[in-house]
Amino acid sequence: MRLEKCWFCSSTVYPGHGIQFVRNDAKIFHFCRSKCHKNFKMKRNPRKVKWTKAYRRLHGKDMTQDSTFEFERKRNRPERYDRNLAENTLKAIKKIDKIRSDRASGHIKNRLKTGKVQRQKEARKQLELGIHLVKAPLALAQDSSLCLPKIKVNVSQTQTEENQPMEE
Amino acid sequence: MIQPQTHLNVADNSRARELMCIREAVPNTPLERSEVITAVIISTRKELKRDNGMIIRYDDNAAVVIDQEGNPKGTQIFGAIARELRQLNFTKIVSLAPEVL
């Protein structure tokens, strides 16, 4: 049993899913579902189809280089079954998966950061320019409620250090 | 879906180029144009389903010319072959095949 990658969208194909197509030059194409298969039959290039991993990696939307990818290389030599090895591998898979997904989401967050800053800048500018749409300028000048009011608190000088209960 | 009247490509180096299926299991005669000969199908455009859940589809419908015992008439086979042939005892064909998928 082997978990293949879909040729079109790069998702994993589990056993019992998808179709394998053998071309006349004996090259095998794995597809995870009929959507990918049909796109292939339409001769679409996955690097141009926006929802595929190939497109996202090519256009820098997703993380491309990371040491966690080294663990997933294709190996053709079968390993002799060793219980300890199998157990450790299962634990490692979980951990590596978590690390990889954290790094990937970090990459995306970084990518979206500049956009957020830009949007806030623009919003601030727009507010400054368009404040007359929010409140009439005359009213703005006259109405003091738009500024933070200054609170005057009378502090009595005769406050002793008696244990007074806290006023809520 | 290979039916009577289906044209099949011949994937070996016997001098046939294309076959038309007429029916299953016809006895063999020497190879000539528009001769009735036996051939075994090695790949189909219609998907095959395997017991492990794998569905596999080839690019064309191809056949290999065989004689009565099931030995191929040619000496070379081109292209990939379905693994099902091994279970059906076409061992000579499977051994000649460049790739069994």
Side-chain angles (χ1 to χ4, degrees), chain A residues 1-49 51-54 72-82 85-86 89-90 93 97, chain B residues 1-2 6-14 16-19 21 39-65 72 74-88 90 92-101:
Chain A
M1 182 190 83
R2 181 162 230 165
L3 299 180
E4 305 286 353
K5 291 277 175 194
C6 175
W7 185 84
F8 201 81
C9 65
S10 314
S11 60
T12 30
V13 188
Y14 284 87
H17 288 261
I19 290 187
Q20 292 184 15
F21 171 63
V22 182
R23 206 165 53 180
N24 276 337
D25 59 356
K27 180 160 157 89
I28 311 180
F29 297 86
H30 302 269
F31 302 108
C32 59
R33 55 198 197 281
S34 65
K35 177 180 182 180
C36 303
H37 190 35
K38 284 176 182 161
N39 272 297
F40 173 78
K41 283 198 265 187
M42 276 195 266
K43 298 190 175 176
R44 286 205 180 143
N45 186 357
R47 282 155 173 254
K48 291 193 170 183
V49 179
W51 51 271
T52 58
K53 209 71 174 167
E72 254 196 82
R73 247 180 301 135
K74 184 173 182 178
R75 292 165 184 86
N76 284 320
R77 272 160 132 226
E79 297 271 331
R80 177 159 289 164
Y81 178 73
D82 178 23
L85 181 67
T89 309
L90 284 172
I93 288 174
D97 210 53
Chain B
M1 312 287 273
I2 312 295
T6 307
H7 286 249
L8 301 161
N9 290 329
V10 177
D12 59 5
N13 59 355
S14 63
R17 283 303 190 72
E18 203 177 277
L19 308 170
C21 174
V40 70
I41 297 166
I42 49 168
S43 54
T44 55
R45 267 224 189 94
K46 179 69 185 165
E47 306 90 28
L48 292 165
K49 282 189 188 181
R50 296 212 175 133
D51 283 341
N52 60 358
M54 190 159 81
I55 300 181
I56 194 160
R57 196 178 89 94
Y58 293 86
D59 206 4
D60 64 350
N61 304 310
V64 162
V65 180
T75 48
Q76 272 186 321
I77 296 182
F78 310 109
I81 288 202
R83 196 160 290 161
E84 274 73 5
L85 288 172
R86 189 176 285 147
Q87 288 140 23
L88 297 167
F90 285 106
K92 195 92 202 306
I93 297 177
V94 173
S95 64
L96 282 174
E99 191 139 358
V100 180
L101 291 169

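Convention: sequence-line order gives letters A, B, ...; per-chain numbering from 1.
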> About how many Å separate NE2 of His17(A) and NE2 of His30(A), when rounded to the nearest 0.5 Å?
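Interatomic distance, His30(A) NE2 to His17(A) NE2, rounded to 0.5 Å: 15.0 Å.
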> Which one wins on heavy-atom pair count under 4.5 Å against chain B: Val13(A), Ile28(A), Asn24(A)?
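Maximum pair count with chain B is reached by Asn24(A).
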> Please look at Asp60(B) and chain A and tell me whether the side chain, the backbone, both or neither of the residue comes under 4.5 angstrom of a heavy atom of that chain.
both
> Could you tell me which non-hydrogen atom of His37(A) sits nearest to which non-hydrogen atom of Ile19(A), and how far apart they are?
CD2-CD1, 4.0 Å
> Salt bridge or not for Arg23(A) and Asp25(A), using N-O below 4.0 Å?
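Salt bridge flag = yes for Asp25(A) with Arg23(A).
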> Checking heavy atoms, do the side chain of Ile56(B), its backbone, both or neither come under 4.5 Å from chain A?
both
> Enter the distance from Asn45(A):CG to Phe8(A):CZ here, rounded to the nearest 0.5 Å.
8.0 Å
